[in-house]
Amino acid sequence: MRKILSDLTIATMQAGDEPYGLLPCGVVGVEDGIIAWVSGDGAVPAGWRDVEAEKFGGRLMTPALVDCHTHIVFGGNRAREFEMRLEGATYEEIARAGGGIVSTVAATRALSEDDLVEAALPRLDRLIGEGVGTIEIKSGYGLTIEDELKMLRAARRLGELRQVRVRTSYLAAHALPPEYKGRADAYLGEVVLPGMEAAKAEGVADAVDGFCETIAFTPEEMRRVFDKARALGLPVKLHAEQLSDLGGAKLAASFGALSADHLEYLGEDGVAAMAEAGSVAVLLPGAFYFLREKKLPPVAQLRAANVPIALATDCNPGSSPMTSLLLAMNMGCTFFRMTPEEALAGVTRNAARALGLADEIGTIAPGKRAEFAIWDVDHPAELAYRIGDNPLYRRLLLPVHGGPKDGRDTWLARVPEGRMRGSATFPDDETTTS
Ligand code: DI6
Ligand code: FE
């Protein structure tokens, strides 16, 4: 099945072209859900002249967005902790006093898989409503084998309920649960490592993540986790250098990590190690903002070393209760001095790479999957520029999970016109068949 999308300004986000890979008179040819050709001068190749074109009134097309670091599956919320922090307590103090992550663990353990799905859906819908087509979702609030698996199953179910590609990360090494207080080695040996094996056997984990921090796990402990991931053939990534420099990014890079994330305290040697390994630097300005951090990630050094930079929401109840990737882009520019072009690359091309999906998604180029966001803006810089605005016009994706079995080409997740403006959520993706 062939389809032409025309009358577009296309930000292909291909590296090395014009800024944003911008094509002012853009036309895209799609065949069986894959981009067949992209033209920048309105021309349609011979052989396609009889294919019907859908016109978009000159609107901006980008790759569908990728949120490459989230914790959207969890129970409860931490509004009370927010109040405590405003009364003077620090994130670390709250965590050490048994609040923080551990309180979300109790709330998450109390929910069934169905309850977790129901709690996460509104968060997912808000992200989808901003043009997200691929989302990474972590476990890490279960901290028993069964509860971690429950979270990963819930995350996978979300990808069946909505037309969105879900990648899951096993994050049992997120915090030490109270029952293992002072016994990190036992927790790793009895829960984290066997749970990873179970997740791998069930096929519910795409990668392994950890939190390397004084309030979480040491680099030596993370090495044990990563050795096991390597033995199981699972790629790794790491929450590193968020609150202090423990050398986590360097450790992750030595395992060929897909990404190291947060990185406010990343030092020169960490930058060099990431550049060498080709790991993506995933910056999380929502957590930086919400924890009122002062130390900026070394963006200029990352840029100079050609480390690809991605941006993500880090949506979680404790440090980044944020469900807007557009806001993350704005914050990446205002706080971290990224350019609007870097911000858009950070939620498309580089975010895809951080998930190991660089060959499939993240740019608009022949051979990539036909997954697009179409925006009511004149210039791509507008996506990072506004605060709290959502100019999404439509999200166009081919079915990524099964889809129709009759072989017809189906455009799914076509956000009905009028739904997006003024309301970032919608109850169900619509299915339209062409
Ligand atoms: N770093 C974070 O910012 C989140 N997890 C992590 O490892 C916070 C998770 C939470 O506070 O619930
Ligand atoms: Fe996180």
Side-chain angles (χ1 to χ4, degrees), residues 67-82 84-85 89-109 119-120 123 135-143 148 151 155 167-177 192 207-218 221-222 225 236-244 246 248-249 252 257-266 280-293 295 297 310-323 325 328 331 351 354-355:
D67 193 348
C68 67
H69 180 141
T70 86
H71 312 244
I72 64 166
V73 171
F74 61 83
N77 72 66
R78 306 244 286 277
R80 175 62 195 129
E81 177 182 319
F82 179 52
M84 285 163 65
R85 280 198 298 110
T90 68
Y91 184 70
E92 282 105 322
E93 281 164 4
I94 290 167
R96 287 186 205 287
I101 293 179
V102 166
S103 68
T104 299
V105 170
T108 302
R109 286 178 177 175
R123 297 188 271 272
I135 181 172
E136 185 259 15
I137 305 175
K138 303 173 193 300
S139 66
Y141 290 120
L143 313 188
E148 287 292 300
M151 288 187 70
R167 303 295 275 194
T168 49
S169 299
Y170 175 74
L171 178 59
H174 192 198
L176 200 57
V192 178
V208 170
D209 196 350
F211 188 16
C212 186
E213 194 52 68
T214 53
I215 53 171
F217 296 93
T218 65
E221 287 159 353
M222 281 316 307
V225 176
V236 303
K237 56 178 79 178
L238 189 64
H239 290 68
E241 274 73 89
Q242 179 185 8
L243 308 167
S244 61
L246 297 187
L258 288 169
S259 69
D261 305 32
H262 285 290
L263 303 178
E264 280 84 343
Y265 287 79
L266 184 69
V280 176
V282 178
L283 305 185
L284 305 167
F288 174 88
Y289 162 81
F290 197 70
L291 298 181
R292 308 182 75 232
E293 294 293 328
K295 181 131 172 54
L311 285 167
T313 61
D314 193 18
C315 176
N316 77 70
S319 69
S320 188
M322 174 165 91
T323 47
L325 197 52
M331 289 176 166
L355 298 180

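Predicted model, so just to flag it, every value in this text is computed and none were measured. We count ligands from 1, going down the list as the structure has it; atoms in each ligand are counted the same way. Numbering starts at 1 and runs along the sequence shown.
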Per-pair distances, 0.1 Å, donor-acceptor, side chain in residues 97-107, under 3.5 Å, sequence neighbours excluded:
| from | atom 1 | to | atom 2 | distance (Å) |
| --- | --- | --- | --- | --- |
| S103 | OG | G100 | O | 2.8 |
| T104 | OG1 | R78 | NH1 | 2.6 |

- Polar protein atoms near the Fe ion (ligand 2) [N, O or S; cut-off under 2.8 Å]: H69 NE2, H71 NE2, H239 NE2, D314 OD1
Between [X] (side chain only) and [Y] (backbone N and O only), is there a donor and an acceptor less than 3.5 Å apart?
X	Y	result
T108	G75	yes
R85	T90	no
D67	T313	yes

Note every protein N or O atom lying under 3.5 Å from an N or O atom of ligand 1, pairing the names and giving the distance.
| from | atom 1 | to | atom 2 | distance (Å) |
| --- | --- | --- | --- | --- |
| ligand 1 | 1 (N) | Q242 | OE1 | 3.1 |
| ligand 1 | 1 (N) | H262 | NE2 | 3.4 |
| ligand 1 | 3 (O) | Q242 | NE2 | 3.2 |
| ligand 1 | 3 (O) | H262 | NE2 | 3.4 |
| ligand 1 | 3 (O) | D314 | OD2 | 3.3 |
| ligand 1 | 3 (O) | S319 | OG | 2.6 |
| ligand 1 | 5 (N) | H174 | NE2 | 2.8 |
| ligand 1 | 7 (O) | H174 | NE2 | 3.2 |
| ligand 1 | 11 (O) | R78 | NH2 | 2.7 |
| ligand 1 | 11 (O) | Y91 | OH | 2.5 |
| ligand 1 | 12 (O) | R78 | NH1 | 2.9 |
| ligand 1 | 12 (O) | R78 | NH2 | 3.3 |
| ligand 1 | 12 (O) | Y141 | OH | 2.6 |

- If you measure only the distance, is there a donor-acceptor pair under 3.5 Å linking the side chains of H69 and H262? no
- Compute whether any side-chain donor of one residue and acceptor of the other, for E136 and T70, lie under 3.5 angstrom apart. no
- Item | From E92, K295, E213, residue fulfilling side chain to side chain donor-acceptor pair (under 3.5 Å) relative to S244 | E213
- Message: Parallel, tilted or perpendicular: which one describes the rings of H71 and Y141, with boundaries at 30° and 60°?
- Response: tilted
- Apply side-chain hydrogen bond (donor to acceptor under 3.5 Å, both in side chains) to T214 and list each qualifying residue two or more places apart in sequence or on a separate chain. none
